[in-house]
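Notes to accompany the following structure.
No experiment lies behind these values; they were computed from the predicted model shown. Remember, it's 1-based here, ligands and their atoms both numbered in the order they're listed.
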Amino acid sequence: MIPLVVAQITDFHLQNNPDQDYRGFNVEQHLDRVVDDLLLQTPAVDMIICSGDLVHHGGPEGYQRLSRRLARLPVPSYWIPGNHDDAQLMLKSGDQQGGQLNQRSVVAQGWAIILLDSTASPDGQGGGSLSSTELAFLEQQLQQYSTHHCLVVLHHNPLPVGSNWQDQIMLANADQFWAVLGQHHSVRAVINGHVHQASDQLRGEVRVIMTPATSVQFKAGCQQMVLEDDPVLRQPAYRLLTLHRDGQIETSIKRVEG
Ligand SMILES: [Fe+2]
């Protein structure tokens with residue numbers, strides 16, 4: 001049986017002006033390297049999931065440039081917002097692909113991929129929550145796809161990563177999120193962005209998989225924000241997930257030259 005292969009790319013932090021750096025790096029070029037690498041992976045990759053912080057200042061230009069870049073890839077892409085995004089503007093400015101950005105779940109090969117917006121009740125520091133509407137949507141989707149294997153996607157990490165400054169801005173209502181998931185046994189994994197580093201944890205039977213950014217990486221296990229200085233770990237990166245029919249997940253991180 002053919003598995004479903006998903007590429008997760010996250011945290012592009014595109015600037016309004018493409019020549020402007022983000023934390024000392026040209027993140028526009030970093031994204032280009034990743035898209036070039038993805039082009040080599042297709043047609044093995046079935047879809048792209050962009051898991052938030054697509055732009056840094058919420059302006060329309062970055063979304064339009066992102067849309068043009070992803071149009072190079074012969075597969076659909078699905079976008080969710082992060083704390084740096086403007087969700088309404090994102091949908092309006094980026095949707096040149098026939099309405100895929102308004103699609104909140106994707107069902108294929110025995111899997112249901114549920115896309116959430118975790119940017120409600122922002123704390124101004126980068127944190128965010130799932131609104132009551134969003135939690136109800138998650139509940140409804142898990143009921144609807146109870147016979148599928150489910151993959152839940154959101155920007156904010158629902159588990160801490162062990163960095164003090166980042167654990168303060170994780171998903172604020174993670175308890176409510178886990179309470180919904182606890183009522184269902186079809187969720188195989190949760191994937192998120194936001195942390196700009198790799199992590200693969202288990203909470204009960206649910207795998208929680210976090211993915212490095214295309215833009216810049218944050219060093220793990222720090223009290224305050226420290227940019228990754230390891231020559232390999234600091235490279236722009238993305239994640240490949242192979243979703244098998246039996247619910248197993250194989251995953252790997254692809255790092256590209258910055
Ligand atoms: Fe980010």
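- In the model, D86 has no side-chain atom that pairs as donor or acceptor with a side-chain atom of Y63 under 3.5 Å.
- Under 2.8 Å from the Fe ion (ligand 1) lies an N/O/S atom of H196, whether from backbone or side chain.
- With respect to the Fe ion (ligand 1), D53 has OD2 as its nearest N, O or S atom.
- Between the side chains of Q166 and H194, no donor-acceptor pair of N or O atoms lies under 3.5 Å.
- Rounded to the nearest 10 degrees, the angle NE2 (H13) to the Fe ion (ligand 1) to OD1 (D11) equals 110°.
- Taking the six-membered ring where tryptophan is involved, the planes of H84 and H13 are perpendicular, since the angle between them exceeds 60° and thus also 30°.
- Ring geometry for H196 versus F218: interplanar angle under 30°, hence parallel rather than tilted (30 to 60°).
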